[in-house]
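Working notes, structure below.
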Amino acid sequence: MDGNGRWAQSQGSDRTIGHREGSRAVRTIVRAARRVGIEALTLFAFSEQNWARPPAEVVALMELLRDFLVSEREELIENGIRLRTVGRVEKLPSRVREVLDPLVADTAHLDGMTLTLALSYGGREEILDAARVLARRARDGELDVDAIDEAQLEGALPSLAVGRVDLLVRTGGEQRISNFLLWGAAYAELHFTRVLWPDFDEAELYAAIAAYQKRERRFGRVESAPLEPAVPAPAMADAAGE
Ligand code: FPP
């Protein structure tokens, strides 16, 4: 969700004003995604690397996140939206955790759309954590090292619980993945737009989806394939049990 800072700068405002407008755009896009029937939407709200931003900006982002969770609680529930997180959420301040954790628990049974907030998240860190999970299971004799396959690794990656990434949208003109869903985005279609995140609205989302619908997804094969081969169900069931 890039471009909040530049959006604010263009208005002669402080970066935090840009994040506030970015938060409005989050509301708009979550509603629009639900309306068009997107099953899973993952938003990169705060990276593991964002902790290195000036403390005042970090505090402002945490307050906006808390405000969002408080103000959207009812609407998320009414619309059947399951909220989950990926990332090292244990690092978030208790002011955020005290509204985040109950909302995650209270929406766990909903199946209208899954909204995942990536918070204190890094794709490399997630893969590193998964490697540790598998290594511990191998050490404890629960896992045959030579039998480790993609499905088992995916089972240990929380971001993969909603499947692999079909479409990855990056705003603000950057053309990088910047440590977002690294494993899941291996065959994602990439959509880069110069539009700054606060200006990213329904029309921009629909344009990204329309562009995606014109792509031919081959996954390294010759013929076109509508969907990436799914991870076998038992592996995902294992993951849920972890
Ligand atoms: C990147 O723009 C954006 C962020 C680091 C924060 C995104 C957070 C929000 C949109 C609001 C809070 C989140 C939720 C879920 C309500 P940037 O600051 O790097 O902008 P720039 O590229 O113009 O500098």
Side-chain angles (χ1 to χ4, degrees), residues 1-34 38 40-77 79 81-89 91-93 95-104 107 113-123 125 159 162 168-181 191-202 204-205 208:
M1 299 190 282
D2 259 294
N4 295 346
R6 277 167 287 162
W7 187 93
Q9 236 169 11
S10 75
Q11 314 273 314
S13 313
D14 187 72
R15 292 178 61 81
T16 56
I17 302 294
H19 292 313
R20 195 185 68 197
E21 290 307 309
S23 186
R24 275 193 227 284
V26 169
R27 288 183 179 91
T28 304
I29 294 307
V30 170
R31 284 179 192 150
R34 174 75 179 97
I38 287 176
L41 174 68
T42 301
L43 298 174
F44 205 173
F46 194 84
S47 77
E48 184 68 2
Q49 290 67 32
N50 285 154
W51 292 113
R53 290 194 174 204
E57 185 172 344
V58 172
V59 168
L61 280 168
M62 292 299 143
E63 282 304 302
L64 281 170
L65 177 59
R66 185 187 151 94
D67 290 349
F68 173 85
L69 296 165
V70 170
S71 69
E72 300 307 292
R73 183 185 160 88
E74 288 315 312
E75 189 168 334
L76 291 178
I77 293 172
N79 285 289
I81 298 175
R82 176 169 72 120
L83 182 77
R84 52 189 295 279
T85 61
V86 289
R88 298 181 169 160
V89 287
K91 292 171 86 171
L92 299 176
R95 272 180 64 71
V96 172
R97 292 294 299 278
E98 70 193 19
V99 289
L100 176 65
D101 295 353
L103 191 50
V104 168
T107 61
M113 178 175 92
T114 300
L115 170 63
T116 305
L117 297 181
L119 296 166
S120 194
Y121 175 83
E125 288 81 355
S159 68
V162 290
L168 190 150
V169 176
R170 181 151 194 183
T171 58
E174 314 293 355
Q175 300 197 12
R176 295 187 289 274
I177 296 180
S178 295
N179 209 16
F180 199 32
L181 312 169
H191 181 84
F192 298 115
T193 169
R194 297 179 72 82
V195 173
L196 304 176
W197 176 254
D199 294 327
F200 193 84
D201 58 12
E202 290 103 320
E204 297 295 338
L205 177 68

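Numbering of ligands and ligand atoms starts at 1, following listing order.
Put simply, CD1 on I29 and CD on E202 are 6.5 Å apart, with the number rounded to the nearest 0.5 Å.
The protein heavy atom nearest to atom 9 (C) of ligand 1 is N4 ND2, 4.0 Å. Annotation: atom 7 (C) of ligand 1 to nearest protein heavy atom, A45 O, 3.5 Å. The shortest contact between atom 23 (O) of ligand 1 and any protein heavy atom is with R6 N, 2.7 Å. Among protein heavy atoms, atom 5 (C) of ligand 1 sits closest to N50 OD1, 3.6 Å. Shortest contact from atom 12 (C) of ligand 1 to any protein heavy atom: L64 CB, 4.3 Å. Scanning the protein for heavy atoms near atom 11 (C) of ligand 1, the closest one is H19 O, 3.9 Å. At the top of the distance list for atom 3 (C) of ligand 1, counting protein heavy atoms only, stands M1 O, 3.2 Å.
Residues T116 and R84 bring a donor and an acceptor atom of their side chains to less than 3.5 Å of each other.
Ligand 1 lies less than 4.0 angstrom from a heavy atom belonging to R53. Contact analysis leaves G172 out of contact with ligand 1, as no non-hydrogen atom separation drops below 4.0 angstrom.
Judged purely by atom type and a 3.5 angstrom limit, R34 uses its side chain to pair as donor or acceptor with the backbone of N79. Under a 3.5 Å cut-off, the side chain of D2 and the backbone N or O of T171 do not form any donor-acceptor pair. Judged purely by atom type and a 3.5 angstrom limit, N50 uses its side chain to pair as donor or acceptor with the backbone of S47.
Of all the heavy atoms of L43, none lies under 4.0 Å from any atom of ligand 1, so neither backbone nor side chain is involved. Looking at L61 against ligand 1, only its side chain comes within 4.0 Å, counting heavy atoms. Counting heavy atoms under 4.0 Å from ligand 1, residue R15 touches it through the side chain alone.
Tested against L69 for a side-chain contact (heavy atoms from CB on, under 4.5 Å), the candidates V104, D101, V99, L76 yield a single pass: V99. The side-chain hydrogen bond (donor to acceptor under 3.5 Å, both in side chains) with S120 is formed by just one residue from the set Q49, E48, E125; it is E48. Tested against L119 for a side-chain contact (heavy atoms from CB on, under 4.5 Å), the candidates L43, L92, V96, V86 yield a single pass: L92.
Some N or O of G5 is nearer than 3.5 Å to an N or O of ligand 1, by distance alone. At a 3.5 angstrom cut-off on N or O pairs, W197 does not count as close to ligand 1. Between S23 and ligand 1, no pair of N/O atoms sits closer than 3.5 Å.
Those atoms of ligand 1 with a heavy atom of F68 less than 4.0 angstrom away are 16 (C). Listed by number with element, the atoms of ligand 1 under 4.0 Å from a non-hydrogen atom of G22 are 10 (C). For ligand 1, the atoms closer than 4.0 angstrom to any heavy atom of G3 are 2 (O), 20 (O), 21 (P), 22 (O), 23 (O).
For W197, the ring-ring contact (aromatic ring centres under 6.0 Å, His included) criterion is met by F200, not counting sequence neighbours.
Residue pairs meeting the ring pair (Phe, Tyr, Trp, His ring centres under 6.0 Å) criterion with at least one member in residues 50-71, sequence neighbours excluded, are F46-W51.
The aromatic rings of F44 and Y121 sit perpendicular, their planes meeting at an angle over 60°, well past the 30° parallel limit.
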